[in-house]
Structures are given as C-alpha cells and as structure tokens.
Amino acid sequence: MTLTDTYLMDPHYRPDLIEPAAQQAWEATARFRATETAAGSDARPKYYCLSMFPYPSGKLHMGHVRNYTIGDVLARFHRLKGFNVLQPMGWDAFGLPAENAAIAHQVAPAAWTYSNIDYMRGQLKALGLAIDWSREIATCKPDYYRWEQWLFTRLFDKGIIYKKMATVNWDPVDHTVLANEQVIDGRGWRSGALVEKREIPMYFFRITDYAEELLSGLDELPGWPERVKTMQRNWIGKSFGVEIHFPLTPRHQAGEPVLKVFTTRADTLFGVTYVAVAAEHPLAQQAAATHPALAAFIQECKQGSVAEADMATMEKKGMATGQVVYHPFTNAPIPVWVANYVLMGYGEGAVMAVPAHDERDFAFAQRYALPIKAVIQPAEGALPLPLTAAYCEPGVLFDSDDFTGRASQDAIAKIALVLKNTQLGDRRTTFRLRDWGISRQRYWGCPIPIVHCPTCGDVTVPASQLPVVLPENVVIDIGSPLKKMPAWFNCACPKCGGAAERETDTMDTFVESSWYYARYASPDCDTAMLDARAQHWLPVDQYICGIEHAILHLLYARFFHKLMRDEGLVPCNEPFTRLLTQGMVIAETYYRDLGEGKKQWLNPADVELCSGVWVLKADGQPVIHGGTEKMSKSKNNGVDPQAIIDQYGADTARLFMMFAAPPEQSLEWSDTGVEGAHRFLKRVWKMVFEHLEAGAVSAHFGGMRSSNEQAIRRQLHQTIAKISDDIERRQQFNTAIAAVMELMNALAKLDASNAARALRQEALEAIVLMLAPIVPHITEALWTALRPGTQLLDHAWPTVDASALVQDEIELMVQVNGKLRGKITVAADADTASIEAAALAHADAQKHMEGRPAKKVIIVPGRLVNIVA
RNA sequence: GCCGGGAUGGCGGAAUCGGUAGACGCAGCGGAUUCAAAAUCCGCCAUUGGUGACAAUGUGGGGGUUCGAGUCCCCCUCCCGGCACCA
C-alpha cells in the first residue's frame, strides 16, 4: 500500500498522520535497502553516506538528531541526483557509561545496552531517516568484535602490536584505574582519594610506524576541512632536530653511558645551564637512593593525573639531584635537575634547558635562581641584556666557540655534523605522536585475544578459537568482574597445551569505532572481516561527525584503514573522502545557588520570563540565567527530541535543525524557532492545498507571461541553482531553506491567472522536490497530491532552465570614494563607457564629488561602479 | 599551558572569490480578520539626528594594506572544541 492510497489531501497539515504512514511505506517496500550492483545492471554511481554511530546511552539527544539529519539530507539529495546510496546505522556499544549504570542501577551492562539500543532504534526510525536497517551492527556483539580480535592477532604476530609499561591514574582507595574524566582536581571521583600515577603493562599499536603516511595522506584529502587537517598535522607533530648526548663523566670514551636529549634548537647548545629529567628517569632514581629529600620530591611528582592538560597547567617544580653531566663541546659540568614537567614516556625523558631562549626554561631558572646565558641575538640590533624575557626567535650565535657568528639554521646543521663525528649525537626527525595504548582494565569492552603461558609467554588466540566471548551475565561492582572469574580466564595454552590464563584487559572502545564503517559493507559475513562488498562501497564518500572527533577518532580510523589495506582488506588509502564536522547543540542554562559552591540546575522548559526576570514556573521565584552551554545532563538544559517529535513531528525537528545554523557552527536551541519551522511547513501545505483546490493545471504553459511572472520564474530557477550548490558544494542548508522561503514569499504575490497558476504549479513541484531531503514526510504527501499516481522517491532533482535566467537590465551600485551614493539601471550587455557615463551622470554621485573631477572609475561587472574623486 | 576555531541588530543567522552589511527566520510594534481570542494574512523593524528627502556612525577592541575590508595582515580581549582512559 502506498501513501497515495492511505492519504487524501487534508486542508490541515497533519504530521501525526503523514509521518507514520510514510515511514511504514518506506519500510514495507524496503526503499532504502542498498544493493551492490552487478556490472551493467545498475549504472548509478555509488554514494556511501555515513553519520557517526551513536553510543547507546539511553535516549537520543539533539546532537544525534542534528548529526543524522545532516547525513540524511545529503543521502536523500544524492538519491534524487541519481546515486546508488548506502546509509547504514549501528551502535558504538562498548564503553564506560554502561559500567557506571550497572553500579548505579544494579543492571548488567549488556542488558542495559541492549535495551537502550531497542529504544533508540525506535527513535531513529521516527526521525524518518533513509537508512538501510538490514546492515545494523552493534560492536558489543561477538560477530562484530570477533573480527577485531582476528585482526589483533594478525597485527600482534606481525609486531604492529607490542607490550610495554605505561602510566595510568591509580585510585589507591578503590584499587582501580581511573579514566581522565574520572579524576576531578587530582582526586578519584568516587573515593575522593588523591590519585597516583602507576606503571602497568599495556598493549600498544605502533601508530608511529605510520606517522609519516598519516601526515602526508592529509594532502590527499581535499574534501576535509582545513582546520581538521591542521589539527592532525600539529598532533602528529613532525619535527626536525638533533639528538645530543651529554657524557656522564668528564673524560668520556665512545660507548660509555650518556644522557640523551632531543632538541629542535641545537643552535642554543652553548646556552645550556642545566638539564632536566623526569621523576622516573634512571638518573633521578639513582640520585634519590642516597638523597631523602629528592626521593620525597619524586614521590610528590607521582601524584596527580596523567592528563596532559593537567601536566601543562600545573606549577612547574624541580629539585637538583646533585649530579652533573658534561657539555659535549666545552666539557663544562652541567647540573641535573628533576622537573615535574618532563615526561618519561615522551622522547628520552630528559631535556636540555636554555633559559635565555626558551620561555618555560626561563621561568624555571628565575624561580630556582639558575644561571641564564644568552647565545643568540637578532640578525639586526642587539639583545637587551640582562634579559627580562626569553628570546625565542632564531638569530645569530655568539659566545658559542667555533659557531659564533653563524645563523641559527646554519649552526644547527654544523653542530649536528660535529656531534655525529664525535659520536655524541646526530640529526633526528621525531614525531609528537605517541603509540596508541589500547589496554583497558575494564569489563565492558572487547576482550584482548591473548593467552599468558608460563612457558610460551604471550600467545595469540588462534583464529579457530575466536571469538573470545565476553560473558554478559555478570554482577558489577568496583573493578572488572573478568579478573574474578577463574572459570573464564583459566585456559590451555594454544601453543603447548599447558595451563595458562587469558588476558583480562579489554580494548579501548576507539578500536571498535576505527573500522565499523568498513563492516557496514559486509555486516553479515561470517567467514572474513570484510568481503568483496567492501571493495564496492569503500571509501566512505561522505562522513559526518562532531568536531570533537577531529583528532583522536578520525586519526585512529585513518590508521586502522591503512592497517586493513596492508592486510589486503580494503582497496584504498583513506577511509573518508569528504568530511563534515558538525557543531554542538547548545541551550540556555538556569540555576539556583545552593551555597557552598553547589548549584541546582533547572530545565529551560520549567522556567519563564516574568516582567524581565527569569522565574521557575512551579514557584514563581527567581532563578539565575547561566548563559548558553552544550546540552547536557549535568546542566539540565537538554531538550528531549522525542517531545519535539511528539508535538510537531519529525519534519519540524529536522527543518529547525537545518535552518537555525550552518552545520559546522554550534546550534542554539530555540522553542520559538521550532514553532517558526512548524509554521513554515503549515504555510507550504496550505499553499499546495489552495493551489489544488482551484483545479488542475499544467506546468507546461506556452502563453505570454507578465514581467512579474517572468521575474518570479527567473527567481525560481535561480533558487534551484542556488539550492543545488548550497547542498552539494557548500553543505550549508540554512541558506538553502532561506532561499525557498524567499521564493514562497514571492509566490504568494502571484494572482490567479492561467499563466500564474501554471507558474505556481511548476514552482510548487520544484519546492517540494528541493525540500524533500530536509522534510521527507510532508514533501512525499504533497508530491502525490501535486502529481497523482507518482511518487517523489521515483522522481529526479529539479533542473535549471537556463533560458529563464536571462535578464535584459541589471542594477549597479554607484559609490563615490567607496561610499554608496545611489544606483543605476543599465542594459545587461552595456559597455564600460556607457556604464561610466551613467554613473557620472547620477545626481547624488555628482553631489558627493563636490565638483572634483573623477581621478579613476572602477567598474566591478554586474555589481558596482566606484568613482574615486 | 599547547593546538584548532569563533565573536555581525533585541535574538539565531546572511553576505559563497576584497565589491549594496543585516537575506531568511525569531521576538517586538502597527494594521486586517474576529463578538472576542487563538490561528492566519499584510506592513514596519541596526543606531543616532531629522516631519522628510537624507546625513553620520556601525560587523568583540586597537593598528595596518586597499579605490573599496565583516572578509586580508599584525597585536589584544573574551568564548568554545581537543589534549592521547568520556564517546
């Protein structure tokens, strides 16, 4: 049964009737099922449109609605443009919130997750998304993570995954590892205990092996926003510098121990006044053995979180170890300090400090009264001594032995060469990017397919024994239940058959989201990770995700794609050809102060403006307006998408989302804006209804049109051109909708003549088609009304009639000295001389020229004339 | 702290490649319709001065480039995203 059979034109817009009917019709006829086409049977080009899958947190939030509406607009637009579209959906189902919910509500993470998925699937369907639901995946299901484990074992055996010690946040009261977000002001969120750093063994992906390709690959992504590429470039952080060895003894012989540092400013080597090492550095540990105060300081450094933002903003502290190293050129002794800002896991865990030419070293030297020795001066002009701030620019060396007088760049090369000859260093390229640690001491994640055997060591689980299934029926308290389940972790070693134990850590959930886009192509394949269908659909033509994923998720997915490529699983180098990063959905916040820094956050729906003061509806007492912030549970400023769908329908929600702001900007929620969107849809409905009430007309009118009708028809075809460009190239939907609104306003001024009615039919058909990607339900109903017996989804995107765009006369602005003074109307093909004459003859222009002759006349074709007087 | 972005009427935003600042919508005001209201339709709506034509000012702040700057360059302020275990 089609919509035509179930729906008759009603004078009132009824989304509550239209939307379920349209959705049922799409589902019944499998309208959005994507099929890989055998050669020749379908000439349509493929378009794989992917919105980032949601974490099944409980219910949809507005950020999801925005993300999926953007994806759906692009998917439906390309469908009308003749593409074979794939738009899938699934669930990023592993993660920390399920464990938190398990503790809070005494429910197993699996059960909680599956019930959330069922509810949210219903919500997504109510949004009317053109999704191929037959490809739905959930990352917590063994048939998904089995292949992740399979790839893990391949990579482990290839050496791309390895094990090493890494630092984590340790809660000494709960005896558990904390995520960075679970550390608040240096304390565990549940226990309140001061968090400590602890070293534990973890598995790592060698993403640094791919650093060069991840960097250069960005140049092959013209469809990515420049800012995302810039952030990734800076994150990878390729830098060219010099590794310098500081001997530990004054009469150093080749091969004896040295302290290694890396610097991009080897030209400042003669300005080194101390070296700083991390608390965990062997030199520091050694010194601490006989130095109680130093041991205490090192202990202090181990407090606090491991988050880089915390490390960078904390107070810079240090202590002298009493040890010295020797300058590789002058052999002068240099004191070794321990500093809390030097990270062991980063570079060599030691840095050379040049206070005169580095801001951070300068501040540290001032604090601890360390010497500041300047060795670089500007190429022109002198350095003001003594320094009041570090001079960080490159320049010319002085007080630097043989290197004095050389420019920085030149000196770096020369110093590196001499160091190389004396075996005390060399040129080196480093990356800021670190290897990706994927071990998590948590339950609700993909088990790491490793068996620890006392004789064979770490052994990968053979493919025939995969998946290593995560038990779902568990009771959660603090810490992972896997570590308390001997029946689960005791096993036989796959190699020697002896008694062994499974790894109880699970993988970072970023691993699942790094390859899901590929699995949508082969969602039901049970013989391989991917099959031939992946060759057909990949790469993703359009990916849509939040800007917050600009670095980690998108970099990991690019990395995984290259891993899969090197396994022969995918045909291309990059996963996402074009990327759109959407902004957040924000809303007003309101609160009451409860004292002691505590606030009671009130939902905007429960607050109203009463004679200029915000009050709570319930008690009429004033509340404080806290500004607009990202919709969140903690600020209680979320608007439930379900409530909007129930009250106005999905089309209104979608229209508001697309109209209120361009997709990359943050979007401010507005109840009156939603009403405005709804009002517009009612207007469109009414205009079509009234047009059809007056009887059938043909869009193909051969008679004369008035000049007004010609102008409106020109506007119609300009609008078609603009909207096509707005959606396809600019991906800016708010201006596309505004253009339709303008066209509607113009159309409202047409009369009831045959010519006008024919034009109205043509325009309404085009409007309905152009709005279809944004508001698919109402437009489907209106189309069947305008063109009985046909369906919108079988129709093509409207085309521009070039002959309608022709204009005889155009209007030009007239400026005098850059200020607007009037307008002139000239023939569209007027030559420069006549335009200039017309502008100079303009009375207001002459007035402002005040009798001065025109020195110059600038004509911008089709736009303006500027008279310089 | 570091990296990336943003700031335009009462509000959301438009101005796409340096060329009419404020499209479109929201709110507000005035009118039509109505017994009345809602809904709907029409009109006005940057600021200041002026009855008006018009003039001056105006895109976070300061400076610069240009015939011309919301747009480009330099400096500053505030806000947002990310910082490797939130997803």
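Chain A is the first sequence line, chain B the second, and so forth, proteins listed ahead of strands; every chain is numbered from 1. What you are looking at is a predicted structure, and each value in this text was computed from that prediction instead of being measured.
- Within the 3.5 Å criterion, the main-chain N or O of A:Met314 finds a donor-acceptor partner in the side chain of A:Lys316.
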Pairwise N/O distances under 3.5 Å, protein to nucleotides 17-26 of chain B:
unit_1: B:G19; atom_1: N2; unit_2: A:Asn866; atom_2: ND2; d: 3.3
unit_1: B:A23; atom_1: O2'; unit_2: A:Glu742; atom_2: OE1; d: 3.1
unit_1: B:A23; atom_1: O2'; unit_2: A:Glu742; atom_2: OE2; d: 3.2
unit_1: B:G25; atom_1: OP1; unit_2: A:Asn745; atom_2: ND2; d: 3.4
unit_1: B:C26; atom_1: OP1; unit_2: A:Arg679; atom_2: NE; d: 3.2
unit_1: B:C26; atom_1: OP1; unit_2: A:Arg679; atom_2: NH2; d: 2.6
unit_1: B:C26; atom_1: O2'; unit_2: A:Thr672; atom_2: OG1; d: 2.6

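- Taking the six-membered ring for Trp and the full ring otherwise, the centers of A:Tyr13 and A:Phe689 sit at least 6.0 Å from each other.
- A gap of 14 Å separates the C1' atoms of B:U47 and B:U8, to the nearest Å.
- A:Lys630 comes within 4.0 angstrom of nothing in the nucleic acid, heavy atoms only.
- Between B:A14 and A:Gln665, a contact under 4.0 Å exists linking OP1 or OP2 to a side-chain N or O.
- Closest approach to the A:Glu181 side chain among B:G13, B:C86, B:A87 is made by B:C86 (side chain taken as heavy atoms from C-beta onward).
- The distance between atom CZ of A:Arg440 and atom P of B:A87, rounded to the nearest whole Å, is 8 Å.
- With salt bridges taken as basic N to acidic carboxylate O contacts below 4.0 Å, none links A:Glu196 and A:Arg198.
- In this model, the phosphate group of B:G4 is not approached by any side-chain N or O of A:Thr230 to a distance below 4.0 Å at OP1 or OP2.
- Residue A:Glu664 contributes atom CD, which lies 20 Å from atom P of B:C80 at whole-angstrom precision.
- Between A:Trp91 and A:Phe53, the distance separating the two ring centers is not shorter than 6.0 angstrom.
- Contacts of A:His553 with the nucleic acid, taken as non-hydrogen atoms under 4.0 Å apart, are absent.
- With its glycosidic angle within 90° of 0, B:C17 adopts the syn conformation.
- Shown here, B:C17 forms no base pair; nothing in the strands shown gives a Watson-Crick or G-U wobble contact with both key distances under 3.5 Å.
- Of all nucleotides present, only B:A56 satisfies the Watson-Crick or G-U wobble test against B:U47, with each distance under 3.5 Å.
- Distance check on atom P: B:G4 versus B:C54 gives 48 Å, rounded to whole Å.
- Here B:A14 is the nucleotide among B:C67, B:C86, B:A14 with the atom lying nearest to any side-chain atom of A:Gln732.
- Among the atoms of the strands shown, none is found under 4.0 Å from any heavy atom of A:His678.
- Heavy atoms of A:Ala309 sit under 4.0 angstrom from at least one base atom.
- Nearest-nucleotide mapping onto RNA chain B: of A:Glu548 and A:Gly437, the residue sitting toward the 5' end is A:Glu548.
- A sub-4.0 Å separation between OP1 or OP2 of B:U57 and a side-chain N or O of A:Lys819 is present.
- Among the protein residues, A:Arg227 comes within range of the sugar-phosphate backbone only, with heavy atoms under 4.0 Å from sugar or phosphate atoms but none that close to a base.
- Classification of B:G9 as syn follows from a glycosidic angle within 90° of 0.
- Taking the six-membered ring for Trp and the full ring otherwise, the centers of A:Phe680 and A:Phe659 sit at least 6.0 Å from each other.
- For the side-chain hydrogen bond (donor to acceptor under 3.5 Å, both in side chains) test with A:Asp508, the passing option among A:Tyr556, A:Trp436, A:Tyr203 is A:Trp436; the others fail.
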Between A:Thr506 and A:Cys446, is a side-chain contact (heavy atoms from CB on, under 4.5 Å) present by the stated rule, with each step listed? CA-CA 5 Å; A:Thr506 54; A:Cys446 170; 5.7 Å; no
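- For the P atoms, the distance from B:C17 to B:G6 is 14 Å, rounded to whole Å.
- The backbone N or O of A:Thr176 sits nowhere less than 3.5 Å from a side-chain atom of A:Gln441 that would complete a donor-acceptor pair.
- Other residues, nucleotides and ligands contribute only 12 or fewer heavy atoms inside 6.0 Å of the CZ atom of A:Arg863.
- Nucleotides B:A38 and B:C29 have their P atoms positioned 12 Å apart, rounded to a whole Å.
- Comparing A:Asn169 and A:Ala312 along RNA chain B, the residue whose closest nucleotide (by nearest heavy atom) sits nearer the 5' end is A:Ala312.
- Note on A:Lys229: nothing from the nucleic acid sits closer than 4.0 angstrom, heavy atoms only.
- Counting non-hydrogen atoms under 4.0 angstrom, A:Arg233 reaches nothing in the nucleic acid.
- Using a 4.0 Å heavy-atom cutoff across all strands shown, A:Leu433 reaches at least one base atom of the nucleic acid.
- If you check the side chains of A:Thr167 and A:Glu199, you find a donor sitting under 3.5 Å from an acceptor.
- Here the separation of B:A14 from B:G70, taken at their C1' atoms, is 11 Å to the nearest Å.
- When heavy atoms are screened at a 4.0 angstrom cut-off, A:Met507 is found touching no nucleic acid atom at all.
- The residue A:Pro54 sits apart from the nucleic acid: no heavy atom pair falls under 4.0 Å.
- In a base pair of the Watson-Crick type (N1 to N3 plus N6-O4 or O6-N4) or a G-U wobble (N1-O2 and O6-N3), with each distance short of 3.5 Å, B:G4 is matched with B:C80.
- With a cut-off of 3.5 Å on both Watson-Crick or G-U wobble distances, the partner of B:U66 is given as none.
- Looking at heavy-atom distances under 4.0 Å, A:Met314 makes no contact with the nucleic acid at all.
- B:G50 and B:A56 are spaced 12 Å apart, taking the C1' atom of each and rounding to whole Å.
- Here A:Val168 lies in heavy-atom contact (under 4.0 Å) with a base.
- With a 3.5 Å ceiling on both atom-pair distances, the Watson-Crick or G-U wobble partner of B:U40 is B:A32.
- Regarding A:Met631, its CE atom lies at a distance of 17 Å from the P atom of B:C80, rounded to whole Å.
- Considering only side-chain atoms of A:Met231, the nucleotide from B:C83, B:G81, B:A87 that sits closest is B:G81.
- At a threshold of 4.0 angstrom between heavy atoms, the contacts of A:Val228 with the nucleic acid are absent.
- A:Ser439 comes within contact range of at least one nucleobase, with a heavy-atom separation under 4.0 Å.
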